[in-house]
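Only one structure is covered here, and it is reproduced in the block below.
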Amino acid sequence: MDHKIIAHGNNHYEVELGHGNLHVYANPEIFQSFESRVYEMADNNLRIPRNVYMGYTPDAHVGVGTCIGTTAVWNMKDGIVSPSIVGVDIGCGMRVHTTSLHRSDIQDKAVRRALITAIEKYVPTNERTNSHYADIDIMNVVQYGLKGLPASYVPNERWLTHVEESDFQYDHAFLEHLPPKIRKNAQGQLGSLGSGNHFIEIQYLELNEEHQELAAKWGLFDGQVVVMIHSGSRAWGAMVGREYNKVLKESMRLWGVSNPDPNLIYAPIVSQEGQTYLNLMYSSLNFAVSNRHMIAFGVQEAFREVFGSGMETPVLYDLMHNYALKEFHRGQPMLVHRKGATRALPPKHFLNTPAYKETGHPALIPGSMGTSSYIMVGREEGLKNFYSICHGAGRTRSRRATKEMVTVDQFEQSLKVGSEDEVMVNHRSLETILDECPQAYKDVDQIIDSVVGASLADVVAKCKPMAVIKGI
DNA sequence: ATGTAC
């Protein structure tokens, strides 16, 4: 397919497709690597009426119905909501906790092994292992988010304030639409990691010299040990997504609405079906943020076991990259879908959570296993992409293709196994998580270069991996 | 992604 491309400069391209224009933020190298399939998908998404804006971040790649890396906006009054443009793992996101430790404190491999073992004791990493928080009623959690947790699981006020949202408000009456077994499936999963690309990583920081002052304000220092968590809404969000893909698909058939891609599902925001999905999506966001909170609670317990009961692991921030949020833009309420896209608000922006109003909030971007992650901050210019930046490196090949192509030996080499700087992993064998090797992902440094070059955000700190806990 | 699957 040939498309007219407008190059705006500064890693910003506008691609004219059959049904509207797609904005792409990528450096020339990444831009050239996009396959035509991602443009076909964007064009199918642009067929949905009254789209206000659609953009790709540089980590964009093919997903179900809609590419991962999409920001898509409609007006609340005449727009649509789409489970396909939210993504299957509703509320999937990132969280970072800081420590007072320096990397030299955990350079000893025995210490890092002890931390991995302790974390696995407090955070279930096997699919069917329940968390031991039987005293938490998940119905309180899905209704009131972090405010639904018993006080004994909230170490201090900061854990409620340094998050993108602690309590997503919605009409709880919609919970009656859910199948009863969702409760049984999700109960016991709170505080568990999940599998796939989810992880807990122990990292050390390399501060960007140009943002030392901001880093200090955020409590960050060079060489600091931090913990990065990537997880989502587990069975709760998966069941909401699956159920409403079915329901909305049937509604589209009844309404006579169709799209060339049968996997692209959507409904008017004002319709009963759209309202039901939207409200139940918020229940999943409450589960997701609470899940990461409880994982972090377990991680703090583990650090206390290794370093003493006085150990504190303050939360830096928690934010999501799979959701649709009502936001005010251009003076109007709009529904901003971010599927594999991270909000990065600039300093002073009114949408910032109060704790980060002055500085802008930390935007947490994971790399692939064994490569760097990043802590960034949004810029004013990010407005052009509705303040969305990348959500990570972005896959470059499928799980199956990766397993056929990469060997366990190559994976071990990329983790520097055997050396002092080895990225230690909880799994005895890397065979089971081979599809998560760095060779399956784009080069995260190129992705970050694209975002910085497009003036969407700046790097505050680079996070280098020292130990990783993966689920199965 | 998912206590996977019309």
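A, B, ... follow the sequence lines: proteins, then strands. Residue 1 opens every chain.
Taking atom CG on A/Asn126 and atom P on B/dT2, their separation rounds to 13 Å, with Å as the unit. In this structure, NZ of A/Lys181 is placed 10 Å from C1' of B/dT4, rounded to the nearest angstrom. Atom P of nucleotide B/dC6 and atom NZ of A/Lys246 are separated by 8 Å, given to the nearest angstrom. Summarising the geometry, the separation between CD1 on A/Ile472 and C1' on B/dT4 is reported as 16 Å, rounded to the nearest angstrom. Spacing between atom CE of A/Met239 and atom C1' of B/dA5 amounts to 13 Å, rounded to whole angstrom units. Atom C1' of nucleotide B/dT2 and atom CZ of A/Arg128 are separated by 11 Å, given to the nearest angstrom. Summarising the geometry, the separation between NE2 on A/His198 and C1' on B/dT2 is reported as 10 Å, rounded to the nearest angstrom. Separating the CG atom of A/Asn185 from the C1' atom of B/dT2 is a distance of 10 Å, rounded to the nearest angstrom.
By the salt bridge (Lys or Arg N to Asp or Glu O under 4.0 Å) test, A/Lys470 pairs with A/Glu436, sequence neighbours left out.
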* Decide yes or no on salt bridge (Lys or Arg N to Asp or Glu O under 4.0 Å) for A/Glu327 and A/Arg343, but give the supporting numbers first. => CA-CA 11 Å; A/Glu327 294 178 358; A/Arg343 192 162 73 165; 2.9 Å; yes
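Here A/Gly87 lies out of heavy-atom contact (under 4.0 Å) with every strand. Within the 4.0 angstrom heavy-atom criterion, no nucleotide atom of any strand lies near A/Gly232.
Distances shorter than 4.0 Å separate none of the side-chain N or O atoms of A/Arg242 from OP1 or OP2 on B/dT4.
The ring of A/His172 has its center closer than 6.0 angstrom to the ring center of A/Tyr170.
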Would you mind writing out the side-chain donor-acceptor pairs for residues 250-257 of chain A within the sub-3.5 Å range, not counting sequence neighbours?
{"residue": "A/Glu250", "atom": "OE1", "partner": "A/Arg253", "partner atom": "NE", "Å": "3.1"}
{"residue": "A/Glu250", "atom": "OE2", "partner": "A/Arg253", "partner atom": "NH2", "Å": "2.9"}
{"residue": "A/Ser251", "atom": "OG", "partner": "A/Val247", "partner atom": "O", "Å": "3.1"}

